[in-house]
Enquirer: 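Let me give you the structure first, and then I'll get to my questions.
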Amino acid sequence: MSESNIDAAPAVAPVASKPPFNVLIVGVGGQGVIMVSKVLAALAQWRGFEVKQSEVHGMAKRGGSVFSHVRFGKRVWSPTIAKGEADVLVALEWAEGLRWLPFLKPDTGIFICDTKRIVPPFACLNRKPGAPMRYSRETAEQVASYVAEGYAIDATTMAEELGNERAANVVLLGALSNALDFPVADWETTVADFVPKKTIAVNLEAFRLGRTWVAEARTPGAAAPAVHVPAAAPYTPRLEINAEWCKSCDICVKLCPERCLKLNAERVAELAAPEKCTGCRLCEWLCPDFAIRVHLDPQARAEGTLR
């Protein structure tokens, strides 16, 4: 990473004749939507632009819809982006990205979306594992026909392979960096300022991975990078519970739709009725300490019992 000074004067002055540049970031609570918007806003402000940022989270945090508008330019009057006016739409979750597509500029807008699917419990037609869901079935190829320039990137898997799933939002920041004329060193300096100090190295690696992925996709004549939008398929839910992280708050037990969780004698959450679990992930999203991880194992490969 460059030793650039964050307090130095901007190297590039904004162009007065250009309208504000609009970036809309959307996703689900807990994914890091606000962090992405804050990195972009801070970087744009440091580069000498006037910045307006507007966000909605509050009760949507950890599982609900979250979105943030970032506008920057010589002069910016309104903090919100009107329909059809977003230059870039960055989505951290597949269905949220599709829901906000009408806000993207139809002729020039860039769509950058993680293929991660977070299916809410009420999307299940019935409560059996693998049941049909009321969730978007559009493929990446179909969505590509709706936008001027689009990238469906498996950012979550990329981040998992780096050892930190939560760095998926930084993978998307790297992808976004290709659409903006800011020096890479400045991006990396700003990212390092916003992520936990112990995770700077992995987050910078995630940023470079996302930037390289889109840069290669944009290379003339290059084959489109492989993308995968998970299709509905039979699965067996499996819960991974970190006893050391569980704080006995009882939120997961009280709000489990199937009443299949309980606190054991040590007041640690455990799956008491695995046959009832549908893998809805509500416990995972609501746990304030990230002590629960839900895995949906394909039935053909599922082994053993839930725990």
Side-chain angles (χ1 to χ4, degrees), residues 23-45 51 53-70 81 86 88-100 110-120 151-180 182 187-211 213-214 245 281-282 284-294:
V23 180
L24 181 60
I25 304 107
V26 303
V28 169
Q31 287 191 290
V33 169
I34 306 304
M35 193 279 275
V36 171
S37 66
K38 289 187 181 297
V39 168
L40 176 58
L43 177 56
Q45 187 173 38
V51 180
Q53 179 185 359
S54 174
E55 59 195 44
V56 172
H57 48 98
M59 291 301 290
K61 197 172 184 182
R62 298 306 305 278
S65 179
V66 180
F67 59 89
S68 182
H69 301 241
V70 180
I81 302 168
V88 183
L89 171 59
V90 179
L92 281 68
E93 196 274 340
W94 185 250
E96 285 297 311
L98 301 190
R99 189 164 71 88
W100 287 91
I110 300 174
F111 180 53
I112 300 170
C113 187
D114 191 348
T115 57
K116 182 178 181 66
R117 304 191 332 159
I118 298 179
V119 183
Y151 303 95
I153 178 171
D154 194 357
T156 299
T157 298
M158 290 180 178
E160 285 180 340
E161 291 173 350
L162 292 177
N164 188 344
E165 179 187 350
R166 298 185 68 187
N169 58 344
V170 182
V171 173
L172 293 172
L173 264 173
L176 170 63
S177 69
N178 288 274
L180 300 171
F182 295 147
W187 276 104
E188 294 188 355
T189 298
T190 311
V191 167
D193 283 343
F194 278 85
V195 301
K197 299 305 179 186
K198 293 182 180 180
T199 68
I200 288 177
V202 69
N203 275 289
L204 290 181
E205 192 174 354
F207 174 85
R208 294 163 188 159
L209 188 61
R211 181 176 175 86
W213 192 93
V214 171
W245 291 4
R281 295 187 183 273
L282 194 61
E284 179 181 301
W285 299 333
L286 294 177
C287 177
D289 301 298
F290 302 97
I292 301 178
R293 180 81 181 274
V294 178

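Counting begins at 1 with the first residue of the sequence.
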Enquirer: Working to the nearest 0.5 Å, report the span between CE of Met158 and CH2 of Trp213.
Expert: 6.0 Å
Enquirer: Heavy-atom distance under 4.5 Å between the side chains of Glu96 and Val28, does that happen here?
Expert: yes
Enquirer: Please find the pair of heavy atoms, one from Ile34 and one from Ser68, that lie closest to each other, and give the distance.
Expert: CD1-CB, 4.4 Å
Enquirer: Could you check whether any side-chain heavy atom of Tyr151 comes within less than 4.5 Å of a side-chain heavy atom of Asp114, counting everything from C-beta outward?
Expert: no
Enquirer: Determine, stepwise, if the pair Phe182 / Ser177 fulfils side chain to side chain contact (heavy atoms under 4.5 Å, CB included).
Expert: CA-CA 7 Å; Phe182 295 147; Ser177 69; over 6 Å; no
Enquirer: Atom NZ of Lys116 and atom CD of Glu93: how far apart are they, to the nearest 0.5 Å?
Expert: 8.5 Å
Enquirer: Between Gly97 and Ala91, which heavy-atom pair has the shortest distance, and what is it?
Expert: CA-CB, 3.3 Å
Enquirer: Can you give me the closest heavy-atom contact between Val39 and Thr190, atom names plus distance?
Expert: O-CG2, 3.5 Å
Enquirer: Between Leu204 and Arg208, is any pair of side-chain heavy atoms under 4.5 Å apart?
Expert: yes
Enquirer: To the nearest 0.5 Å, what is the distance between CG (Leu98) and CG (Leu89)?
Expert: 9.5 Å
Enquirer: If we check side-chain contact (heavy atoms from CB on, under 4.5 Å) with Asn169, which of these qualifies: Val195, Thr156, Val90, Val36?
Expert: Val36
Enquirer: Under a 4.5 Å cut-off applied to non-hydrogen side-chain atoms, are Leu176 and Leu40 in contact?
Expert: yes
Enquirer: For Asn178 and Arg211, which heavy atoms make the closest approach, and how far apart are they?
Expert: ND2-O, 3.1 Å
Enquirer: What distance separates Glu205 CD from Asn164 CG, expressed to the nearest 0.5 Å?
Expert: 11.0 Å
Enquirer: Does atom CD of Glu165 have more than 12 heavy-atom neighbours from other groups under 6.0 Å away?
Expert: yes
Enquirer: Work out which heavy atom in Ala41 is nearest to a heavy atom in Gln53; give both atom names and the distance.
Expert: CB-OE1, 3.7 Å
Enquirer: Would you name the heavy atoms of Ile110 and Ala179 that are closest together and state the gap between them?
Expert: CD1-CB, 3.8 Å
Enquirer: Are any non-hydrogen side-chain atoms of Val170 and Met35 less than 4.5 angstrom apart?
Expert: yes
Enquirer: Measure from NZ or CZ of Arg99 to the centre of the six-membered ring of Phe67 and say whether it is under 6.0 Å with the direction within 45° of the ring axis.
Expert: no
Enquirer: Tell me which one of Leu172, Ile25, Val26 satisfies side-chain contact (heavy atoms from CB on, under 4.5 Å) with Val33.
Expert: Ile25
